[in-house]
There are 2 protein chains.
Amino acid sequence: MKSFKQRSACPISSSLDVLGDKWTLLILRDILFKGKSTYGEFLQSAEKMATNILADRLVNLEAHGMLTKVVAPGKKSKFTYHLTEKGIATLPILVELVLWGAQHFSTDIDVGLLEEFRTGKGVAIEKYKRLARETLA
Amino acid sequence: MKSFKQRSACPISSSLDVLGDKWTLLILRDILFKGKSTYGEFLQSAEKMATNILADRLVNLEAHGMLTKVVAPGKKSKFTYHLTEKGIATLPILVELVLWGAQHFSTDIDVGLLEEFRTGKGVAIEKYKRLARETLA
DNA sequence: AATTTTCTCTTGCATTTTGCAAGAAACAAA
DNA sequence: TTTGTTTCTTGCAAAATGCAAGAGAAAATT
């Protein structure tokens, strides 16, 4: 159990203390945009996250109250991970990362989704938030 | 000279390949929100970045076309760093990090600025973009 | 009942990155 | 000529990451 330490009182710095690495936000992406919820599903992503890193990040996210680990119904050895409101609230950050990334790199993002984000950002965000809350139930 | 490698064609992943660490976005914050532009100024931030890390990140950001290094007028040994449009375009990401951080951590953000971001995000972003372009001249 | 498969991690170890402290290099100022 | 400013560089210890193998618990299959 390592204690969390903010480097400063700056909100950006504090956010990065939790989200500032190459993997954490990809887990949130998998949950929010790809409907994933299990350890095995996270491992299958194109970026090939190492198993120990994934386990570490899941513990971290849970420790920060961003997701909850739930035993799958009828299967004691399978778990599903669901976002809390704090986790869902990272959606606008992810959307801006999508827009910046799609603008400045060669990516394979769906043009329809991109257009949805560009023209109706607020509506799109609300839609995905609703989706995340539904999967929780 | 290390070559840049995208882990996947996902725009979020690609963004994180460049921005996904604990320091890069703090440099952009210092330029965009605090009007900083020199190595010495970046070093003075509350988070106390190590000198070698700062030097490395500045090289990286320049390599990615996000900022330019300019010799200060009349001083050959002093440089100023200015953002390109690609760098300025990270502003919405930073604003979302501010909002999320201010919402979920104890921070010392100015309440006026926070309100400005909450109620008139688009306008505020344009204002800071304009500011960044002005300092460039 | 025994075996195999599924699923979630854990462990050991090499590599890479970070953090820290000291100092070097280039120029400016006194 | 000396002192100061400014931007890094270097060496080394510590921490994080990446990789491969496998452990452990439950579920499914034979």
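Below, read A as the first sequence line, B as the second, and so on, with proteins coming before strands; counting in each chain starts at 1. Source: prediction; values computed, not measured.
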For a quick test of reading the model: is some side-chain N or O of [X] closer than 4.0 Å to OP1 or OP2 of [N]?
X     : N      : value
A/K22 : C/dT16 : no
B/K76 : D/dT5  : no
A/R57 : D/dA16 : no

Rounded to whole angstrom units, what separation is found between the [atom1] atom of [X] and the [atom2] atom of [N]?
X     : N      : atom1 : atom2 : result
A/M49 : C/dT10 : CE    : P     : 15 Å
B/Q44 : D/dT6  : CD    : P     : 9 Å
B/E41 : D/dC8  : CD    : P     : 14 Å
A/K78 : C/dT5  : NZ    : P     : 18 Å
A/L58 : C/dC7  : CG    : P     : 16 Å
B/N60 : C/dT18 : CG    : C1'   : 14 Å
A/Y39 : D/dA23 : OH    : P     : 16 Å
A/D56 : C/dT11 : CG    : P     : 13 Å

Sugar-phosphate only, base, or nothing, as touched by A/N52 at under 4.0 Å among non-hydrogen atoms: base

Which part of the nucleic acid does A/Y81 contact within heavy-atom distance under 4.0 Å: base, sugar-phosphate only, or nothing?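 If one applies the 4.0 Å heavy-atom cut-off, A/Y81 turns out to touch the sugar-phosphate alone, with no base involved.
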
Classify the side chain of B/T51 versus the base of D/dT9 as yes if they form a donor-acceptor pair under 3.5 Å and no if they do not.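 Yes, the side chain and the base share a sub-3.5 Å donor-acceptor pair.
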
Closest to the [X] side chain: [options]?
X     : options                : value
A/K69 : C/dT8, D/dG18, D/dT7   : C/dT8
B/F79 : D/dC8, C/dC27, C/dC9   : D/dC8
A/A50 : C/dA28, D/dC19, D/dA28 : D/dC19
B/A55 : D/dT9, D/dG18, C/dT10  : D/dT9

State plainly whether the residues A/E85 and A/R133 are in salt-bridge range, i.e. N to O under 4.0 Å. yes

Are A/K22 and B/D17 within salt-bridge range, i.e. N to O under 4.0 Å?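 Judged by the 4.0 Å cut-off on N to carboxylate O distance, A/K22 and B/D17 do not form a salt bridge.
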
Is it the case that A/K86 places NZ or CZ above or below the six-membered ring of B/F105, under 6.0 angstrom from the centre and within 45 degrees of the axis?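 Pair A/K86/B/F105 counts as cation-pi.
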
Looking at B/F79, does the NZ or CZ of B/K69 lie under 6.0 angstrom from its six-membered ring centre and within 45 degrees of the ring axis? yes

Hey, mind stepping through B/E126 and B/K121 against salt bridge (Lys or Arg N to Asp or Glu O under 4.0 Å) and telling me if it holds? CA-CA 9 Å; B/E126 285 314 310; B/K121 197 186 292 180; over 6 Å; no

Which sits closer to the 5' end of DNA chain C, B/G74 or B/I53, going by the nucleotide each is nearest to?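 Its nearest nucleotide lies further toward 5', so the answer is B/I53.
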
Closest nucleotide of DNA chain C for A/T80 versus for B/W23: which of these residues is on the 5' side?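 Taking each residue's closest nucleotide, the earlier one in sequence belongs to A/T80.
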
Pairwise distance CG(B/N52) to CZ(B/R57) - rounded to 0.5 angstrom: 9.0 Å

Residue whose closest nucleotide on DNA chain D lies nearer the 5' end, B/L43 versus A/K48: B/L43

